Amino acid sequence: MTDTLPDSYRPDQVEAKWRARWAERGTNQPDLDRAARPFYNLMMFPYPSAEGLHVGNMFAFTGSDVYGRFKRLQGYDVFEPIGYDAFGIHSENYAIKVGLHPAELIPRNIANFRRQLERVGGMFDWSHTLSTTDPAYYKWTQWIFLQLLKAGKAYKKKAAVNWCPFDKTVLANEQVVDGKCERCGTAVEQRDLEQWFFRITEYCDRLLANLDTLDWSDTTRTAQRNWLGRSEGAEISFEVVGSRAGGQAGQPLNRPTDCPPITVFTTRPDTLFGATFMVLAPEHPLVAQLTAPAQAIGVRAYIEAAASKDLVARKVGDREKTGIALGATAINPVTGREIPVWIADYVLMEYGTGAIMAVPAHDERDFEFARKYGLEILRVLAPDSRTISPVSSVLSAAETETDGYVLVNSGRFDGFSADAAKRSITAELAAKGQGKPVVQFRLHDWCISRQRYWGPPIPVIYCDACGPVPVPEKDLPVILPPIEDFRPDDSGISPLARHEEWYFVPCPTCGKRSRRETDVSDTFLDSAWYYLRYPSSEFDDVPFDPARTRKWCPVTTYIGGNEHAVLHLLYSRFLAMVLKDLGHIDFEEPFTRFRAHGLIVKDGSKMSKSRGNVVIPDEYIAQWGADTFRLYLMFLGPFQEGGDFRDAGISGPRRFLERVWLMVNEVEEGGELHKPLVVRWHATKKKAAEDIEALHYNTAIASLMELVNAMKEAGSRDRSIVADLVVMLAPFAPHFAEECWERLGHTTSVSDAHWPAWDERLVVSDEIEMPVQIGGKTRGRIQLARGSDEATAVALAQAEVGVKRFLDGKTIRKVIFVQDRLLNLVVD
RNA sequence: GCGACCGUGGCGGAAUUGGUAUACGCGCCAGACUUAGGAUCUGGUCCCGCAAGGGGUGUCGGUUCGAGUCCGACCGGUCGCACCA
């Protein structure tokens with residue numbers, strides 16, 4: 001056990017020694033049941049790719065680890081787990097590409113990840129690791145699905161989905177970028193499939209309201225707010241005229257029919273007088289009834305063309321608007337005028353009611369459409385009601401900047417402000433039963449179905465007699481069968497359906513031969529609850545033990561990438577709310593504090609395989625050691641902003657460690673310390689602590705370097721200072737600090753030391769060198785006692801050389817004195 | 001298009017409430033020690049100028065005794081979202 005290392009700093013030996021000791025001693029395993037001050041330090045678990053951890057992962061994990069180690073030095077019982085988000089399309093596609101089975105690849109990748117994670121010195125509790133692909137884990141993912149199903153929060157419906165013909169699977173809207181599959185770049189189509197959904201939209205209000213209570217970075221909260229997309233407005237009903245009920249031919253136009261009114265959602269009920277036509281989404285259920293016979297052929301062709309596009313292509317904003325009139329008219333409820341009804345694919349069935357009232361004068365899209373098809377444009381907002389002629393003014397573009405405008409061409413509402421008109425018009429419509437105030441969200445229900453292999457099977461059985469039957473909890477997990485032919489085909493049926501022994505099962509209710517659900521669930525479901533599993537990972541009879549969960553959850557601090565600011569974090573929040581409502585947990589916000597880290601770039605551009613600038617950390621760690629590598633990553637830029645990885649920079653942190661190493665090995669006892677060094681010492685203890693708490697690791701490290709520089713300058717290797725330095729370095733360079741700590745005579749781990757206390761009276765010196773400015777320009781300096789207010793007198797008496805000549809022939813008009821900061825003499 | 005953020009030496013980056021611009025590190029220059037150094041140590045390093053001094057934080061303007069910091073306009077960049085009615 002007394003591994004004697006040479007006097008020169010040999011990172012490879014030091015790090016190997018301490019890795020072994022930590023494992024032997026269980027240094028990084030808090031007692032989860034008895035911890036007095038639990039601190040759950042979570043980082044986003046990685047997808048275990050075949051390439052191994054890249055520098056970006058290392059940066060993120062190290063930054064989180066530094067924070068966890070710091071909290072431990074502050075006396076917390078820090079639980080810092082790590083695991084693997086190993087299910088999902090990414091693994092499956094890679095497996096297909098290299099012709100191996102994911103079940104074979106993933107364990108191999110995980111082993112490699114673990115080796116790297118240990119090598120870099122993370123304070124991970126390996127006794128509580130997990131992989132989402134482990135049946136002991138996904139058993140509970142399936143259990144969660146069943147709880148939602150039981151509670152009516154999961155449902156199945158046929159829905160238009162994005163279909164990637166290459167990956168042969170459904171994609172979430174978020175996975176489609178510019179009409180293309182985010183993974184493979186193939187153009188996405190639209191298909192109708194039966195899908196499982198979670199009712200996240202029921203939680204919109206809570207998801208939004210709680211944001212104000214969270215200690216999260218503003219950018220992340222803003223992103224979530226935008227994603228939820230709350231807007232206030234009104235639903236308005238338009239009676240239909242001149243349509244043909246049931247699409248039958250031969251009835252005269254222009255007479256009321258039994259067609260129900262068209263309901264639209266608008267945020268601008270104040271512009272209702274300017275609604276000169278209506279537009280429905282091509283999929284709108286009333287389209288068939290509203291289509292006049294003369295238009296039937298054209299309308300059908302238009303609908304088919306729209307359906308052949310993917311859902312995202314429909315949403316690309318700069319596309320030219322197209323549409324077709326249905327040959328029906330509706331009645332504007334406030335003007336009584338008949339306005340034509342059109343369909344156009346710029347109106348989306350998924351938002352609002354799938355129908356809009358078009359106000360071309362004040363909406364760019366409607367304006368463009370009206371221009372193209374020669375529809376009436378009627379201005380209803382103007383700077384002043386008297387300056388605008390009552391007839392429609394000619395506009396060259398939609399007038400959308402209408403702050404402070406008032407209504408015109410709006411009958412009895414002329415002169416109303418937009419806000420007043422919104423209220424009044426909505427109220428009037430409501431009184432007539434033709435409208436009501438409505439709040440809309442942009443968020444849709446969460447589609448969790450994936451027609452894929454590599455995921456947890458959704459635990460449902462379809463029986464011809466009993467219908468869909470949930471798999472009984474005692475039968476969980478529904479094991480993902482180890483089939484060889486896991487490739488998806490374009491049938492839209494999961495590969496699992498081809499596996500007959502698995503596919504056909506007796507109905508749990510009646511025992512008849514039935515079929516399993518063959519869709520697997522979204523990877524985001526795996527990751528939406530993993531934080532609950534870590535503290536309880538050794539329990540196999542419950543997903544999360546109540547006592548453990550109460551002690552450790554919610555997560556104290558969560559650090560991760562902003563790319564998950566919306567989906568992962570939103571889904572996790574939603575699931576926590578559901579689990580709380582169902583009585584499984586007693587909190588509804590899973591992550592008390594969230595911070596997003598920055599991105600590491602290489603030579604100014606994002607690292608990517610295609611650019612060929614991906615940095616493999618292993619080589620750097622081998623050459624420089626994990627401690628130097630960690631220190632460098634944390635020093636190269638602000639953690640929350642990321643930075644540029646450049647080879648040259650890494651030698652600085654290494655030299656710094658070498659210097660500290662020398663000090664430790666030549667440490668001196670006792671001796672008197674010069675005041676400036678004492679001040680620097682105490683100031684560093686304070687500043688480094690504050691900086692680490694704020695995740696300003698780069699400046700924390702800089703302050704430690706300054707302390708070392710000050711010691712060198714003073715020729716001091718004082719034992720107390722060196723010991724404090726070692727402790728403060730421990731979060732960044734843990735193996736190094738352990739070795740130094742031992743050499744200083746300690747037998748316990750440096751991670752069980754305490755962050756050095758500072759004396760608040762000693763963090764600033766009592767002598768100040770104060771700048772003296774004349775007219776705002778620094779002309780000299782004076783020595784002054786802290787707290788002194790005699791700067792002016794001192795400056796005039798003491799600073800002849802530097803200051804006086806600037807005062808010759810001038811009058812001092814004003815004296816600006818900021819205590820302990822500066823003196824500014826304003827002259828004429 | 002909308003939203004958020006950001007422009008500081010040769011480079012990565014520091015700068016409490018507006019208060020000595022460029023901390024810390026890299027690189028570079030000079031010197032020392034060396035058979036040697038791409039090791040180590042010492043000193044220097046925003047620009048112009050011998051100096052006194054002057055200029056300087058993307059550009060232009062404003063507020064202020066004082067602006068990297070606040071306000072307005074513009075230029076450039078990064079990241080989200082994107083026909084959301």
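Bear in mind the structure is a predicted one, so any value in this text is a computation, not a measurement. Excluded from the calculations below are hydrogen atoms, water molecules and symmetry mates; all remaining heavy atoms, backbone and side chain alike, are included. Just so we're on the same page: letters track the sequence lines, and every chain starts at 1.
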Identify the nucleotide, in any strand shown, that forms a Watson-Crick or G-U wobble pair with B:G68, with both distances under 3.5 Å; if there is none, say none.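 The answer is none; no pair meets the criterion.
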Tell me which nucleotide, if any, is Watson-Crick or G-U wobble paired with B:G38 when both distances must be under 3.5 Å.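 Result: none.
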Residue [X], side-chain atoms from C-beta onward, closest of [options]:
X        : options             : answer
A:Pro653 : B:G25, B:C41, B:A85 : B:G25
A:Met705 : B:C24, B:U42, B:G12 : B:C24
A:Asn824 : B:G12, B:C26, B:C65 : B:C65
A:Phe635 : B:G19, B:C24, B:A39 : B:C24
A:Ser651 : B:C41, B:G12, B:G27 : B:G27
A:Tyr351 : B:A85, B:A82, B:A15 : B:A85
A:Ile356 : B:G12, B:A39, B:A85 : B:A85
A:Thr266 : B:A85, B:A14, B:G27 : B:A85
A:Pro638 : B:C81, B:G13, B:A15 : B:G13
A:Ser231 : B:A85, B:G25, B:C24 : B:A85

Do NZ/NE/NH1/NH2 and the carboxylate oxygens of [X] and [Y] come within less than 4.0 Å?
X        : Y        : result
A:Glu320 : A:Lys372 : yes
A:Arg225 : A:Asp212 : yes
A:Asp215 : A:Arg221 : no

Between [N] and [M], how far apart are the two [atom1] atoms, rounded to whole Å?
N     : M     : atom1 : result
B:G7  : B:G58 : P     : 8 Å
B:U63 : B:G72 : P     : 15 Å
B:C70 : B:A4  : P     : 15 Å
B:U40 : B:C26 : P     : 10 Å
B:G68 : B:A82 : C1'   : 34 Å
B:G66 : B:A15 : P     : 25 Å

What is the separation between atom [atom1] on [X] and atom [atom2] on [N], rounded to the nearest whole Å?
X        : N     : atom1 : atom2 : result
A:Leu599 : B:C6  : CG    : C1'   : 15 Å
A:His362 : B:A85 : NE2   : P     : 17 Å
A:Glu713 : B:U42 : CD    : P     : 10 Å
A:Leu729 : B:C24 : CG    : P     : 17 Å
A:Asp691 : B:A14 : CG    : C1'   : 11 Å
A:Phe367 : B:A85 : CZ    : C1'   : 17 Å
A:Leu228 : B:C81 : CG    : C1'   : 13 Å
A:Gln640 : B:G13 : CD    : C1'   : 16 Å

Look at the side-chain N and O atoms of [X] and state whether any lies under 4.0 Å from the OP1 or OP2 oxygen of [N].
X        : N     : value
A:Arg225 : B:G3  : no
A:Arg655 : B:U40 : yes
A:Arg654 : B:C26 : no

Classify the nucleic acid contact of [X] as base, sugar-phosphate or nothing, counting any heavy atom under 4.0 Å across all strands shown.
X        : answer
A:Lys687 : nothing
A:Gln773 : base
A:Leu636 : sugar-phosphate
A:Asn698 : sugar-phosphate
A:Asn709 : sugar-phosphate
A:Arg659 : sugar-phosphate

Spatial distance of atom CH2 (A:Trp758) from atom CD (A:Glu690) [nearest 0.5 Å]: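 One gets 6.0 Å once the value is rounded to the nearest 0.5 Å.
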So which of A:Leu290, A:Val279, A:Leu326 actually passes side chain to side chain contact (heavy atoms under 4.5 Å, CB included) with A:Ile343?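 Going through A:Leu290, A:Val279, A:Leu326 one by one, the side chain to side chain contact (heavy atoms under 4.5 Å, CB included) with A:Ile343 is satisfied by A:Leu326 alone.
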Do A:Tyr620 and A:Phe645 have ring centroids that are under 6.0 Å from one another?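 Here the rings of A:Tyr620 and A:Phe645 have centres that are less than 6.0 Å from each other.
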Looking just at side-chain N and O atoms, do A:Tyr9 and A:Thr628 make a donor-acceptor pair shorter than 3.5 Å?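 Side chains of A:Tyr9 and A:Thr628: no pair found under 3.5 Å.
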Would A:Lys321 count as a cation-pi partner of A:Tyr346, with NZ or CZ less than 6.0 Å from the six-membered ring centre and within 45° of the ring normal?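 Relative to the ring axis of A:Tyr346, which defines the angle, A:Lys321 lies inside both limits.
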Is B:G9 syn or anti, taking syn as a glycosidic angle within 90° of 0?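 Chi for B:G9 falls in the syn range.
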